[in-house]
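A short write-up of the structure that comes next.
If you read the sequence from its start, that first residue is 1, and numbering goes on from there.
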Amino acid sequence: METATRKSSKGAIEGLYRVVMRRNSVYVTFVIIGAFLAERAVDYGVRRLWDSNNVGKRYEDIPVLGQLESEE
């Protein structure tokens with residue numbers, strides 16, 4: 001049972017090596033794209049968390065602030 005787990009994890013590592021880490025240019029591209037996508041995901045998650053915790057307290061949520069009287 002343990003050898004089957006080792007073979008599957010070893011196969012996954014070898015597959016990752018074959019696809020991504022065999023050539024330096026592909027590896028660097030993978031790291032750069034991965035960092036960009038991870039940054040976007042973290043930014044989106046933190047923004048959603050911030051918005052959900054501050055509903056009603058934000059500048060956009062207060063209707064009186066930021067409205068100028070029209071000069072007619």
Side-chain angles (χ1 to χ4, degrees):
M1 190 75 153
E2 187 176 328
T3 57
T5 306
R6 284 185 184 174
K7 285 183 182 179
S8 65
S9 66
K10 189 175 180 181
I13 293 172
E14 287 179 8
L16 181 66
Y17 174 77
R18 283 190 195 125
V19 173
V20 175
M21 295 187 291
R22 182 171 268 179
R23 296 182 60 201
N24 192 37
S25 60
V26 176
Y27 180 67
V28 169
T29 304
F30 177 76
V31 168
I32 290 172
I33 291 173
F36 177 75
L37 294 176
E39 183 269 335
R40 300 292 289 181
V42 168
D43 183 47
Y44 177 77
V46 169
R47 185 175 307 274
R48 296 285 295 183
L49 183 66
W50 180 266
D51 288 342
S52 68
N53 285 333
N54 292 311
V55 172
K57 302 174 193 173
R58 297 176 300 159
Y59 183 78
E60 298 89 22
D61 295 337
I62 303 172
V64 202
L65 294 177
Q67 295 179 359
L68 298 176
E69 296 180 16
S70 60
E71 298 177 16
E72 291 183 26

Show me the side-chain donor-acceptor pairs of residues 27-55 shorter than 3.5 Å, one per line, residues at least two apart or across chains.
residue	atom	partner	partner atom	Å
T29	OG1	S25	O	2.8
D51	OD1	R58	NH1	3.3
S52	OG	R48	O	3.3
S52	OG	L49	O	2.9
N53	ND2	L49	O	3.4
N54	ND2	W50	O	3.1

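Under the salt bridge (Lys or Arg N to Asp or Glu O under 4.0 Å) criterion, the residue pairs touching residues 16-37 are E14-R18, with sequence neighbours excluded.
Across all non-hydrogen atoms, the minimal contact from V19 to V26 is O-CG1, 3.8 Å.
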